[in-house]
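Have a look at the structure below before the remarks.
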Amino acid sequence: MTLNLLLGQTLSFSGDPFKQPWQDVTQHRRDGAVLLENGHIQKVGDRTALRAEHPQANVTDYGEDLIVPGFVDAHVHYPQTAIIASWGKRLIDWLNTYTFPEEMRLANPIYAAEIAGRYLDIALSHGTTTMASYCTTAPTSVSAYFEAAAQRGMRVVGGKTCMDRNAPEGLIDSAHRAYDESKELIDTWHGTGRAVYAITPRFSPTSTPEQLHALGALWAERPKCLMQTHLSEQTEEIAWVRSLFPNARDYLDTYAQHGLLGERGVYGHAIHLEPREIDQLAEVGASVVHCPTSNMFIGSGLFDLMGLAKAKVGLGLASDIGGGSNFSMLRTMAAAYEVAQLRGVAPHPAQLMWLASEGSAKTLHLKGKVGHLGTGAEADLCILNLSSTQAIDQRRRNANDFWEAIFPTIMMGDDRAVRQVWVGGEPI
Ligand code: GUN
Ligand code: ZN
């Protein structure tokens with residue numbers, strides 16, 4: 001049995017820094033070590049002690065680098081990899097102009113496999129080891145994604161995007177097809193290797209009530225699956241939802257009425273929420289995912305991070321590629337910080353790091369499995385160089401404590417800060 005012992009600084013969490021003081025739930029070790037065995041973390045501790053306890057282990061010394069869990073990106077569209085940074089549109093025009101034409105191209109399974117592999121390799125190079133991705137309406141785009149993830153040994157969440165209206169002919173399915181194809185994909189992929197399936201109605205404007213109902217019924221039949229969709233991202237979108245669903249109390253109600261609200265529900269964006277929607281999300285234990293680079297890039301609005309945390313809504317963080325403008329969860333944390341500052345609060349670096357790992361993992365019901373540096377977690381790790389550029393290094397040297405030393409990497413770091421990634425106990 002191979003034992004790997006990684007030496008470096010370590011940062012782990014024993015609780016939620018939005019619920020408790022961050023000092024009470026964070027453990028930073030300057031002389032840390034992480035022991036890996038059989039694809040899992042066996043122990044996190046002191047480097048001298050662990051070396052003495054396990055003299056037979058293969059040692060990799062990362063010096064002053066920081067060992068953290070691989071980042072967890074809780075909302076992304078892998079099919080949009082090749083249209084990231086497309087200029088000049090707001091949500092609905094952006095979907096029609098750039099997104100739908102590109103998603104149509106993934107009906108070709110060879111192209112889908114190419115984009116899935118390209119996306120996963122870019123994500124890994126940025127330190128992201130788990131993500132929840134929308135695929136396209138083509139079931140082969142889902143297989144392409146799960147197959148590419150399996151080749152890389154990654155734990156990923158994904159699902160067939162379902163749309164039966166307000167999209168081009170080539171991307172449209174039907175209520176029946178969405179149900180049948182999603183069900184078949186669940187039975188093929190959910191729990192196969194490290195794959196997790198999320199039933200995926202794109203958003204209320206592109207699903208008829210019949211389709212939402214069919215997918216709600218499927219979720220009731222397969223309750224261990226996640227359900228991911230979009231919620232209240234832009235004001236024009238919300239007005240459109242209101243006109244399409246005149247009997248719904250609000251946007252969230254369009255999902256709730258059709259069995260698409262629950263504890264395993266993951267709602268992307270959730271910017272312009274009514275108080276009733278916030279209460280209901282908290283009541284059922286559902287989660288929302290903050291996509292700050294996307295919210296700024298498409299001009300959607302300022303997510304209320306602290307308000308939603310206070311309301312006890314589950315919180316994750318995501319790039320939302322390709323509405324989001326960067327694959328890096330470091331850059332995504334920086335954007336979350338900036339958006340919060342525009343609302344008058346400054347999240348602590350511990351809260352940002354927690355969101356990009358533990359928080360996102362919790363929204364995906366993978367708590368303790370990924371996004372966690374602790375005994376029993378799967379050994380998906382990111383080794384961060386905290387001096388990856390001259391600009392970052394000179395600020396770090398001027399730091400008075402660990403949080404001042406990591407914050408320049410959070411604010412200015414990118415894939416250059418990722419020294420190494422481990423997936424399932426193997427270095428990539
Ligand atoms: N709402 C519905 N579909 C999408 C999408 O692909 N990206 C974003 N950002 N919002 C959406
Ligand atoms: Zn999205």
Side-chain angles (χ1 to χ4, degrees), residues 73-106 115 119 123 131-138 141 145 157-168 171-173 178 198-207 211-212 215 226-241 244 251-252 254-255 260 265-272 287-301 303 316-327 332 335 339 360 363-364:
D73 189 339
H75 179 124
V76 35
H77 302 255
Y78 96 77
Q80 298 170 15
T81 297
I83 56 125
I84 189 172
S86 291
W87 184 84
K89 303 285 181 189
R90 287 176 62 79
L91 177 61
I92 306 304
D93 282 345
W94 174 83
L95 286 171
N96 288 317
T97 309
Y98 299 116
T99 310
F100 291 158
E102 177 65 11
E103 291 192 7
M104 223 141 29
R105 294 183 67 201
L106 276 87
I115 294 296
Y119 164 72
M131 67 286 298
S133 183
Y134 291 57
C135 301
T136 75
T137 35
S141 76
Y145 169 69
V157 178
K160 167 194 145 75
T161 294
C162 300
M163 298 196 277
D164 67 344
R165 64 170 163 177
N166 295 320
L171 282 179
I172 292 274
D173 52 18
I199 295 167
T200 308
R202 181 176 215 117
F203 67 156
S204 291
T206 49
S207 288
Q211 182 171 76
L212 294 178
L215 293 174
L226 298 169
M227 193 291 302
Q228 60 181 354
T229 190
H230 295 85
L231 176 67
S232 296
E233 181 178 359
Q234 286 205 345
T235 48
E236 303 93 309
E237 170 209 10
I238 296 165
W240 193 20
V241 168
L244 290 168
Y251 199 153
L252 186 65
T254 65
Y255 298 127
L260 293 170
V266 189
Y267 303 84
H269 301 286
I271 300 169
H272 310 282
S287 299
V288 300
V289 181
H290 182 22
C291 307
T293 69
S294 169
N295 298 163
M296 291 191 281
F297 183 75
I298 318 184
S300 302
F303 183 84
L317 188 68
S319 67
D320 189 33
I321 299 303
S325 54
N326 206 291
F327 290 90
T332 305
V339 168
S360 281
T363 66
L364 304 177

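Numbering of ligands and ligand atoms starts at 1, following listing order.
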Item checked: Proximal ligand 1 atoms for Arg202, defined as those under 4.0 Å from one of its heavy atoms -> 2 (C), 3 (N), 4 (C), 5 (C), 6 (O)

Notebook entry, point to check: Can you check ring pair (Phe, Tyr, Trp, His ring centres under 6.0 Å) on Tyr251 and His269, steps first, answer last?
Noted result: CA-CA 12 Å; Tyr251 199 153; His269 301 286; over 10 Å; no

Checklist line | Residues Tyr145 and Ser133: side-chain donor-acceptor under 3.5 angstrom | finding: no

Checklist line | Shortest protein heavy-atom distance from atom 10 (N) of ligand 1, along with the residue and atom involved | finding: Glu233 OE1, 2.7 Å

Check: How far is atom 7 (N) of ligand 1 from its nearest protein heavy atom, and which residue and atom is that?
Finding: Trp94 CZ3, 3.4 Å

Margin query: According to side chain to side chain contact (heavy atoms under 4.5 Å, CB included), who are the partners of Arg165, at least two apart in sequence or on a separate chain?
Written below: Thr208, Pro209, Leu244, Phe245

Notebook entry, point to check: Shortest non-hydrogen contact from Asn166 to Pro205?
Noted result: ND2-O, 2.7 Å

Next item on the list: Could you verify whether a donor N or O on one side chain and an acceptor N or O on the other, from Ser319 and Asp73, lie under 3.5 Å apart?
Entry: yes

Note to self: Below 2.8 Å, can you find an N, O or S atom of Cys291 next to the Zn ion (ligand 2)?
What the structure shows: no

Item checked: For Asp320, atoms of ligand 1 separated by under 4.0 Å from a heavy atom -> 8 (C), 9 (N)

Notebook entry, point to check: Which one holds for Glu237 and ligand 1: side chain close, backbone close, both close, or neither close, with close meaning a heavy atom under 4.0 Å?
Noted result: neither

Margin query: Closer than 4.0 Å to some heavy atom of Phe203 - which atoms of ligand 1 meet that?
Written below: 1 (N), 2 (C)

Margin query: We want to know whether Ser287 and Thr363 form a side-chain donor-acceptor pair, criterion being a heavy-atom distance below 3.5 angstrom.
Written below: no

Note to self: Can you see whether Tyr98 engages Gln80 through a side-chain donor-acceptor pair at a distance of less than 3.5 angstrom?
What the structure shows: no

Check: Is Glu233 close enough to the Zn ion (ligand 2) to have an N, O or S atom under 2.8 Å?
Finding: no

Next item on the list: Using distance alone, determine whether Gln80 and ligand 1 share an N or O pair under 3.5 Å.
Entry: yes

Margin query: Working to 10°, measure the angle at the Zn ion (ligand 2) formed by atom OD1 of Asp320 and atom NE2 of His230.
Written below: 160°

Checklist line | Side chain, backbone, both or neither: Thr206 near ligand 1, heavy atoms under 4.0 Å | finding: neither

Margin query: Using 30° and 60° as the class boundaries, would you call the ring planes of His230 and His77 parallel, tilted or perpendicular?
Written below: parallel

